[in-house]
Amino acid sequence: MNYWLLKTEPDEYSLDDLRSEPSGQARWDGIRNYQARNLLRDAVQQGDQVLIYHSQCRPVGVAGTAEVVRAGYPDPAQFDPQSHYFDARASQEAPRWYCIDIRFVSAFPHTVTLADIKSEPALEDMVLRRQGRLSVQPVSPQEWRHVHAMAGGGK
DNA sequence: GCCAACGTTGGC
DNA sequence: GCCAACGTTGGC
């Protein structure tokens, strides 16, 4: 079982949106970056736990957690000409982009902000601090526990 | 809105 | 395969 961090802009799709899904889960699609794609396709597994990170907002940071309910599969949006995420270079035989399904697990009592993370020596190796733009990032078990402790409770 | 960092594209 | 130009992300 592995840990990940997924980035989202809450104006587009927030942790609360995930919590409100009638089905209790959502497709995490629209990832159009090769490094992130490779993680979704090859590494993220059902049962993995994820931190949900809100960017381009106030406060920027980790808002809560979710769980992977379906491992990587070809992102249907790449085949849909109506979609913003359509990619003419992709085909059913050779999909270019992948997505996963996740379900809401928890909202933190308060957001663990980027400033919090940057000021915490135990988190100095978090990918977030070195490669801020990567939208799917690995998180170590130690980092996972530490972020939870900073969130003020929970596991 | 600005700007730095970084990813992608395309000419050669 | 290199590298310049360009586009995008994302913090502030």
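Computed from heavy atoms alone, side chains included, the values below leave out hydrogens, waters and symmetry copies. Reminder, nothing fancy here: chain letters follow the sequence lines and each chain counts from 1.
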Asker: Among residues at least two apart in sequence or on other chains, which ones pass salt bridge (Lys or Arg N to Asp or Glu O under 4.0 Å) with A/R129?
Answerer: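 Partners of A/R129 by the salt bridge (Lys or Arg N to Asp or Glu O under 4.0 Å) criterion come out as none, since no residue qualifies.
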Asker: Would you be so kind as to tabulate the donor-acceptor pairs closer than 3.5 Å made by side chains of residues 100-109 of chain A, with sequence neighbours excluded?
Answerer:
{"residue": "A/D101", "atom": "OD1", "partner": "A/Y73", "partner atom": "OH", "Å": "2.6"}
{"residue": "A/R103", "atom": "NH2", "partner": "A/E67", "partner atom": "OE1", "Å": "2.7"}
{"residue": "A/S106", "atom": "OG", "partner": "A/T65", "partner atom": "OG1", "Å": "2.6"}

Asker: Output all residues satisfying salt bridge (Lys or Arg N to Asp or Glu O under 4.0 Å) with A/D125, sequence neighbours left out; order by chain, then residue number.
Answerer: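 A/D125 satisfies salt bridge (Lys or Arg N to Asp or Glu O under 4.0 Å) with A/R130 only.
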Asker: Taking any atom closer than 4.0 angstrom to a non-hydrogen atom of chain A, what span of DNA chain C does the protein reach, first nucleotide to last?
Answerer: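 Reading along DNA chain C, I get C/dG7 to C/dC12.
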Asker: I'd like to check the salt bridge (Lys or Arg N to Asp or Glu O under 4.0 Å) partners of A/R133; sequence neighbours left out, ordered by chain and number.
Answerer: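 A/R133 satisfies salt bridge (Lys or Arg N to Asp or Glu O under 4.0 Å) with no other residue.
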Asker: Which residue is it: A/M150, A/E143, A/M126? I am looking for the one with a side chain to side chain contact (heavy atoms under 4.5 Å, CB included) to A/E120.
Answerer: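 The residue from A/M150, A/E143, A/M126 that satisfies side chain to side chain contact (heavy atoms under 4.5 Å, CB included) with A/E120 turns out to be A/M150.
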Asker: According to side-chain contact (heavy atoms from CB on, under 4.5 Å), who are the partners of A/E9, at least two apart in sequence or on a separate chain?
Answerer: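 If we apply the side-chain contact (heavy atoms from CB on, under 4.5 Å) test to A/E9, skipping adjacent residues, the hits are A/E12, A/S55, A/Q56.
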Asker: What residues, two or more places apart in sequence or in another chain, satisfy salt bridge (Lys or Arg N to Asp or Glu O under 4.0 Å) together with A/R19?
Answerer: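 If we apply the salt bridge (Lys or Arg N to Asp or Glu O under 4.0 Å) test to A/R19, skipping adjacent residues, the hits are A/D16.
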Asker: Between residues 116-137 of chain A and DNA chain C, which residues have a heavy-atom gap below 4.0 Å?
Answerer: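 Nucleic-acid contacts, sorted: A/K118, A/G132, A/R133.
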Asker: When we call it a touch if two heavy atoms are under 4.0 Å apart, what does A/R37 touch: a base, just sugar-phosphate, or nothing?
Answerer: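 Result for A/R37 = nothing.
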Asker: Please enumerate all residues that pass side-chain hydrogen bond (donor to acceptor under 3.5 Å, both in side chains) together with A/S20, with sequence neighbours excluded.
Answerer: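 Once residues adjacent in sequence are excluded, A/S20 has no partner under the side-chain hydrogen bond (donor to acceptor under 3.5 Å, both in side chains) criterion.
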